[in-house]
Amino acid sequence: MGRPIKRTAGGLAALAVMAGAMMTLAPQAGAGTSNTTLKCDFSDPTVKAAMGGKDSVTGPQAFTVTGPADGTAGGQIKLNIDPGVSPASSPLGTTVKITPTVTFTAKYEGGSAVLTAVGATLDLPLKANAGIDVPSFAANVALPTKAAGKVDLLPKTFALKIDVADPKLTLNVPCAVTDASPQPAFSVTLPAASTTGGSTSSGSTSSGSTSSGSTSSGSTSSGSSSSSSTSSTGTSTSGTTAGNDSLAKTGPMDDALSMGLLGGTVGLLGIGGVLLATRRVRSSRNA
């Protein structure tokens with residue numbers, strides 16, 4: 001009976017280690033919903049005729065977005081977007097092909113950018129006089145190259161390309177968010193830009209004292225060569241000199257390390273529980 005107990009204990013220990021590893025490697029995810037007011041434009045004659053003769057329609061629409069909590073400036077992230085029920089409706093019940101497109105205003109410290117997410121074309125049965133409910137879709141979105149820190153994605157526009165089979169025609173329905181300050185539907189965190197590249201000390205000599213955190217563009221001190229000292233205009237060096245009091249910055253690597261420690265702890269606790277159970281089984285059999 002010794003071998004089955006050892007095999008069971010070994011299997012449980014392996015499962016405990018795998019559980020810890022999965023907690024360590026599992027990506028963190030974020031989610032959010034933005035309740036907006038959307039205005040759809042039916043000024044195109046074909047669209048106007050298909051939408052019951054209306055020039056436009058305005059109504060609420062909620063955008064729910066899920067995706068990774070962290071990203072890289074200039075890189076891509078995969079988002080799952082549920083655009084909710086559109087204020088636009090069809091007067092007839094029929095099945096059409098729809099291609100959804102959502103644009104977001106990406107706001108971050110120091111700037112903003114417009115991001116576009118295009119969904120795959122799908123067959124959608126429309127209900128007569130009911131809002132067009134496009135199901136959730138996945139799309140890759142390119143993050144701004146100059147962004148750092150927290151980036152908020154605010155819904156900006158929602159467009160539908162509708163292909164009707166009978167009669168054969170294509171309708172392009174543009175809709176825009178009318179809220180002056182819509183709430184973010186999703187946020188992603190990007191690593192902060194490095195601030196150490198602007199401090200250089202090669203070739204500079206000084207017989208006097210140096211003051212930490214000050215930059216001397218073009219100035220020379222006694223005994224120093226002005227042609228060999230360099231400084232970066234517009235960059236702060238207060239955090240690069242020894243003796244300055246500054247808090248350590250955290251980022252995605254710190255989160256990964258914390259999750260690794262947590263996963264390892266879970267694995268060790270699982271192994272300890274398995275060993276304790278094995279010893280009790282052996283003691284009960286020997287008694």
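Side-chain atoms of Asp82 come within 3.5 Å of backbone atoms of Gly84 as a donor-acceptor pair (strictly under, hydrogens ignored). Proximity of a side-chain donor or acceptor of Thr36 to a complementary backbone N or O of Leu38 within less than 3.5 Å is not detected. Formation of a donor-acceptor pair under 3.5 Å by the Ser34 side chain with backbone atoms of Gln183 is found in this model. A donor-acceptor contact shorter than 3.5 Å links the side chain of Thr178 to the backbone of Thr37. With Gln61 contributing its side chain and Pro83 its backbone, the two residues share a donor-acceptor pair below 3.5 Å.
Counted by atom type alone, Asp163 and Thr170 present one or more donor-acceptor pairs between their side chains at under 3.5 Å. Counted by atom type alone, Thr99 and Thr121 present one or more donor-acceptor pairs between their side chains at under 3.5 Å. With hydrogens and angles left out, the side-chain atoms of Asp41 and Ser56 include no donor and acceptor closer than 3.5 Å.
The cluster map of Ile, Leu, Val, Met, Phe, Trp and Tyr, joined by side-chain heavy atoms under 4.5 Å apart, puts Val118 and Leu171 in different clusters.
Looking at residues two or more places apart in sequence or on another chain, you find a ring-ring contact (aromatic ring centres under 6.0 Å, His included) between Phe158 and Phe63.
Distance check: Leu143 CG to Leu115 CG gives 6.5 Å after rounding to the nearest 0.5 Å. Atom CD1 in Ile132 sits 8.0 Å away from atom SG in Cys40 (nearest 0.5 Å). Rounding to the nearest 0.5 Å gives a distance of 10.0 Å between OG1 of Thr116 and NZ of Lys156. Rounded to the nearest 0.5 Å, atoms CD1 (Ile98) and CZ (Phe137) are 11.5 Å apart. For the atom pair CG (Asp123) and NZ (Lys97), the distance works out to 3.5 Å, reported to the nearest 0.5 Å.
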Start with the C-alpha gap between Asp166 and Thr94, add the side-chain angles, then the distance that decides, and say whether side chain to side chain contact (heavy atoms under 4.5 Å, CB included) holds. CA-CA 9 Å; Asp166 187 19; Thr94 184; over 6 Å; no
Using side chain to side chain donor-acceptor pair (under 3.5 Å), reason through Asn129 and Ser89 one step at a time and then give a plain yes or no. CA-CA 6 Å; Asn129 301 315; Ser89 61; 5.4 Å; no
Chi angles and distances behind the side chain to side chain contact (heavy atoms under 4.5 Å, CB included) call for Lys161, Thr101: CA-CA 8 Å; Lys161 179 185 176 184; Thr101 301; over 6 Å; no
Run the numbers on Tyr108 and Leu190 for side chain to side chain contact (heavy atoms under 4.5 Å, CB included), then give the verdict. CA-CA 10 Å; Tyr108 52 91; Leu190 310 184; over 6 Å; no
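Tested against Leu79 for a side chain to side chain contact (heavy atoms under 4.5 Å, CB included), the candidates Val102, Leu153, Asn140 yield a single pass: Leu153.
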